[in-house]
Amino acid sequence: MVKPSRSYRVFQGVNGVVLTLVVLVTLYPFVNILARSFSGERQIRAGEVTLLPKGFNLTTYEIVFQDSMFWRNYGNTVLYTVVATAVAMVLTTCYAYVLSKKHLKGRGLLVGIAVFTMFFTGGLIPNYVLVSNLGLKNTIWAIALPNAISVFNLLVMKAFFESLPGELEEAAQIDGLSTYGILLRIVLPLSKAVVATMVLFYSVSFWNSWFSAFLYLDSSELMPVTVYLRNLISGATTGGNAGAADAQLSQVGANIQAVTIVLTSLPILCVYPFVQRYFVSGVMLGAVKG
């Protein structure tokens, strides 16, 4: 075994220090937000909270967790995210797989249609009229369908599919697989990394989305948790601005933003480690030999 040179050991040390500092700088805002969510109103307004909670307080968490509407809206968010992500992945994967075939007639037109929507949209009012006329208002499809395909994600998947060796599909065709069989049994198993990444991107997007629900859903029982927390923030801010003397409302107004960030980010943070391992996996290692 070759002994590392002195310069290489110095590089490793410096690299380790720099990366450690980057991690600490990245983690600080998250730790600070978590500490603020458990801190008291006076300490928050005085700017005394840094890495540890001060004036430990659970008032805002208690108000949120004791509200049955919060749990109903949280369940709506989970349902909307799962369904919308599934729809988006099916449509994006099929569209990207089609666009990856260079022999496809009209391929340039299909790519152009997708890219065009990145720069030009119909506008808020036409979209609202379209969703209303299609009868999608106050349904889950008003959340899932209008944002089903992200062109950026589409182009990423298209580029990945294009990088797969054509010999794999040719061999599958010789073995008698249909187009759908090739996609399901050959392409997708080799595309776990990009599929997992797209699932994460879409899930985060739908989980954090609130404007579509605010626009297309009328009943509070249909709202996702992001709209619930937005209304809670609005109510606490309005009460504070009106000079409300209620101590509980003041506490909510002081750390509601921190509580909101914690509650909306926690599920994604729990899922992320399970998806992260696919980002760096060698999906094509040993797939083609010679």
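What you see below is based on every heavy atom in this structure, not just the backbone, and it leaves out hydrogens, waters and symmetry mates.
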Determine whether Lys158 and Val98 satisfy the following criterion, side-chain contact (heavy atoms from CB on, under 4.5 Å), listing intermediate values before the conclusion. CA-CA 8 Å; Lys158 167 183 169 293; Val98 168; over 6 Å; no

What is the distance from atom SG of Cys94 to atom CG of Leu99, rounded to the nearest 0.5 Å? 11.0 Å

Under 4.5 Å between any side-chain heavy atoms of Leu215 and Asn127, yes or no? no

If only atom types and distance count, is the side chain of Ser178 paired as donor or acceptor with the main-chain N or O of Gly181 below 3.5 Å? yes

Shortest non-hydrogen contact from Ile63 toward Tyr228: O-OH, 4.5 Å

Any donor-acceptor pair under 3.5 Å linking the side-chain atoms of Lys137 with those of Tyr128? yes

Assign the ring pair Tyr61 / Phe65 to parallel, tilted or perpendicular, where the plane angle (0 to 90°) is split at 30° and 60°. tilted

Any non-hydrogen side-chain atom of Phe56 less than 4.5 Å from a side-chain atom of Ser39? no

Under 4.5 Å between any side-chain heavy atoms of Ser7 and Val10, yes or no? no

Can you tell me how far OG1 of Thr93 sits from CE of Met198, rounded to the nearest 0.5 angstrom? 9.5 Å

So do the side chains of Ile140 and Tyr80 get within less than 4.5 Å of each other, counting heavy atoms only? yes

Between Leu134 and Ile143, is there shared hydrophobic-cluster membership here, with clusters defined by ILVMFWY side-chain heavy atoms closer than 4.5 Å? yes

Could you label the plane-to-plane angle of the Tyr74 and Trp207 rings as parallel, tilted or perpendicular, counting under 30° as parallel and over 60° as perpendicular? perpendicular

Co-membership, hydrophobic cluster, residues Val115 and Met157, 4.5 Å side-chain: no

Got a sec, which residues hit salt bridge (charged side-chain N to carboxylate O under 4.0 Å, His left out) with Arg72, two or more places apart in sequence or on another chain? Glu221

Rounding to 0.5 Å, atoms CG (Leu177) and CD (Glu169) come to a distance of 10.5 Å

Can a donor-acceptor pair be found, under 3.5 Å and without considering hydrogens, that links the side chain of Thr139 to the backbone of Leu136? yes

Please walk me through it: do Leu164 and Ser191 pass side-chain contact (heavy atoms from CB on, under 4.5 Å)? CA-CA 9 Å; Leu164 297 177; Ser191 306; 4.1 Å; yes

With distance as the sole criterion, is a donor-acceptor pair present between the side chains of Thr92 and Tyr202 under 3.5 Å? yes

Are Leu145 and Leu79 connected, step by step, through hydrophobic side chains (Ile, Leu, Val, Met, Phe, Trp, Tyr) whose heavy atoms are closer than 4.5 Å? yes

On a heavy-atom basis, which atom in Tyr97 and which in Val187 lie closest, and how many Å separate them? CE1-CG2, 3.7 Å

Ala114 and Val151 have their tightest heavy-atom pair at O-CG2, 3.3 Å

Closer than 3.5 angstrom, by distance alone: can the side chain of Ser37 be matched with the main-chain N or O of Leu34 as a donor-acceptor pair? yes

When every non-hydrogen atom of Leu188 is compared with those of Leu184, the smallest separation belongs to CD1-CD2, 3.9 Å

Is there a donor-acceptor pair closer than 3.5 Å between any side-chain N or O of Asn57 and the backbone N or O of Thr59? yes

Val225 with Val262, same ILVMFWY side-chain cluster at under 4.5 Å: yes

Between the side chains of Glu48 and Arg36, is the shortest nitrogen-to-carboxylate-oxygen separation below 4.0 Å, so that they form an ion pair? no

According to side chain to side chain donor-acceptor pair (under 3.5 Å), who are the partners of Asn32, at least two apart in sequence or on a separate chain? none

Once you round to the nearest 0.5 Å, how far does NZ of Lys54 lie from CG of Leu52? 8.0 Å

Treating Thr26 as the side-chain partner and Val22 as the backbone partner, does any N or O pair qualify as donor plus acceptor under 3.5 Å? yes

Would you check if Val131 and Trp141 make a side-chain contact, meaning some heavy-atom pair closer than 4.5 Å? no

Is the number of heavy atoms from other residues, nucleotides or ligands within 6.0 Å of CD1 (Ile125) greater than 12? no

Hphob cluster co-occupancy, Leu130 + Leu91, side-chain heavy atoms under 4.5 angstrom: yes

Working to the nearest 0.5 Å, report the span between CD1 of Ile268 and CG of Leu200. 7.0 Å

When rounded to the nearest 0.5 angstrom, what is the spacing between CZ in Arg185 and CG in Leu190? 13.0 Å

Testing the basics here: between Ala96 and Leu154, what is the closest heavy-atom pair and its distance to 0.1 Å? N-CD1, 3.4 Å

Give the C-alpha distance, both sets of side-chain angles, the deciding distance and a yes or no for side-chain contact (heavy atoms from CB on, under 4.5 Å) between Ile261 and Phe30. CA-CA 9 Å; Ile261 294 173; Phe30 292 97; over 6 Å; no

Ser212 and Asn147: which non-hydrogen atoms are nearest, and at how many Å? OG-ND2, 3.4 Å

Is the closest side-chain heavy-atom distance between Leu51 and Tyr28 below 4.5 Å? yes

Check this for me: Arg9, atom CZ, are more than 12 non-hydrogen atoms of other residues, nucleotides or ligands nearer than 6.0 Å? yes

Trp210 vs Arg230 side-chain heavy atoms within contact, under 4.5 Å: yes

Can you name the side chain to side chain donor-acceptor pair (under 3.5 Å) partners of Arg107, sequence neighbours left out? Glu162

Close side-chain approach of Val227 and Asn73, heavy atoms under 4.5 Å: no

Main-chain N/O of Met223 paired with Asn76 side-chain donor or acceptor, under 3.5 Å: yes

Donor-acceptor pair, Thr226 side chain versus Ser209 backbone, under 3.5 Å? yes

